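Fair warning: this is a prediction, and the values are worked out from it, not measured in the lab. Just so you know, these numbers use all the heavy atoms, side chains as well, and skip hydrogens, waters and symmetry mates. Counting convention: from 1, in listed order, for ligands and their atoms alike.
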Amino acid sequence: MRTKLVAGNWKMNNTVAQAAAAVETFVQHVDAKANVDVVICPPYLAIPKVRELLRNTHIKVGAQNVFWNEQGAFTGFVSPKMLDEFCVSHVIVGHSETRGRFGKLETPESTLGYFAETDETVNLKIRALLFRAMSPILCVGETLAERQAGETERVIQSQLEGAMKGLDASELFTFVVAYEPVWAIGTGVTCDTAEAERVCKFIRTRIGAMYDDELARQVRILYGGSVKSTNARELFSQPNIDGGLVGGASLDPQEFSLIVMSA
Ligand code: PEP
């Protein structure tokens, strides 16, 4: 039986003071005894404060991205070792915003390797996280154009295969996949529940084919894309949806606590 997981991705929102206030309100509203794993992914600067405030709770602290080297001349980046110092448990990798698939921004070929994640750099990040016993939350999902072209499964399969290349099943039991259709992120348009379940089931089946049934049964697969308290219960009650990756709605502590309670 997989425990549900709800992760809040605050993106580039909340100063340290705002983060502290949001966490304090959230802790007051959420049921500490609920059987659901909760992760809050604040901006890097707020991680130490959020960690301090959550120290005696069941709520974990995550990060929104990571570089794959432990240290070095990589201006502006943060390493797994630095996150480990603050007991970060989960790290989002391959989000459509960091893959550079969001909006129309074109990334020059020469900087693509650093500034827009590719399947190869996502794979390096996953390896670096697993080495430090942190759980990657791998985001996969198609753009609207890819969906309309009937390429949803092909895109997701290739993202999964690229990100998990060379990894052994024994390393992947804490691995989390988030199905995040790019067209549903921050748009208010939620993927139809039956369709979200269908794609999450496809992801589980692919993991079974790439590895084995045991891993496919254990890996948690989340849905992300305009999750709110009004649609969370229906989404999270699907057999292959093990919770959610929540962006905008996680910024409102009361709304986020209702989403967590739906799981
Ligand atoms: C996200 O950014 O991962 C996300 C799911 O955002 P939102 O919930 O705002 O659509």
Side-chain angles (χ1 to χ4, degrees), residues 4-14 18-19 22 26 36-44 46 60-66 88-103 105 116-117 122 125-126 129 135-144 146-147 152 155-156 159-160 163 175-193 195-197 199-200 203 220-236 238 240-263:
K4 300 275 185 201
L5 167 67
V6 180
N9 173 13
W10 284 1
K11 310 193 186 191
M12 199 177 68
N13 293 290
N14 285 340
Q18 288 168 329
F26 177 65
V36 45
D37 290 337
V38 185
V39 183
I40 294 178
C41 304
Y44 289 133
K60 299 189 170 93
V61 183
Q64 299 173 18
N65 201 355
V66 68
V88 162
S89 63
H90 292 71
V91 180
I92 299 168
V93 293
H95 193 282
S96 57
E97 288 157 19
T98 53
R99 283 184 195 260
R101 310 182 88 224
F102 206 60
L105 187 71
E117 287 173 303
V122 169
K125 291 177 184 188
I126 291 172
L129 292 172
S135 302
I137 302 179
L138 167 68
C139 300
V140 296
E142 78 289 357
T143 62
L144 186 58
E146 288 162 346
R147 169 162 284 266
T152 300
V155 168
I156 289 172
Q159 289 173 336
L160 282 176
F175 192 73
V176 180
V177 181
Y179 169 49
E180 296 221 310
V182 181
W183 48 271
I185 294 177
T187 57
V189 180
T190 315
C191 184
D192 173 70
T193 304
E195 178 60 8
E197 162 62 16
V199 179
C200 289
I203 293 170
R220 287 188 284 187
I221 302 175
L222 314 181
Y223 166 77
S226 299
V227 173
K228 309 182 243 326
S229 59
T230 47
N231 57 26
R233 189 175 294 275
E234 189 182 306
L235 284 159
F236 300 169
Q238 301 304 304
N240 286 288
I241 301 181
D242 304 316
L245 178 56
V246 185
S250 71
L251 291 170
D252 175 343
Q254 275 165 268
E255 171 72 359
F256 190 50
S257 69
L258 289 174
I259 294 172
V260 168
M261 300 318 289
S262 310

Checklist entry - For residues Thr190 and Asn231, is any side-chain donor paired with an opposing acceptor at under 3.5 Å? => result yes

Checklist outcome for this item: Heavy-atom contacts under 4.0 Å to ligand 1, chain-then-number order, include exactly Asn9, Lys11, His95, Glu180, Ala184, Ile185, Gly186, Gly224, Gly225, Ser226, Leu245, Val246, Gly247, Gly248

Item to check | By salt bridge (charged side-chain N to carboxylate O under 4.0 Å, His left out) - contacts of Arg147 (at least two apart) | outcome: Glu142, Glu195

Checklist outcome for this item: For Ala178, the side chain to side chain contact (heavy atoms under 4.5 Å, CB included) test, sequence neighbours excluded, returns Ile137, Cys139, Glu180, Leu222, Leu245

Item to check | Partners meeting salt bridge (charged side-chain N to carboxylate O under 4.0 Å, His left out) with Asp37 (sequence neighbours left out) | outcome: Arg220

Item to check | Rounded distance (nearest 0.5 Å) linking atom OG1 of Thr152 with atom CD of Glu146 | outcome: 8.0 Å

Checklist outcome for this item: dist Glu197:CD -> Cys191:SG (nearest 0.5 Å) comes out at 11.0 Å

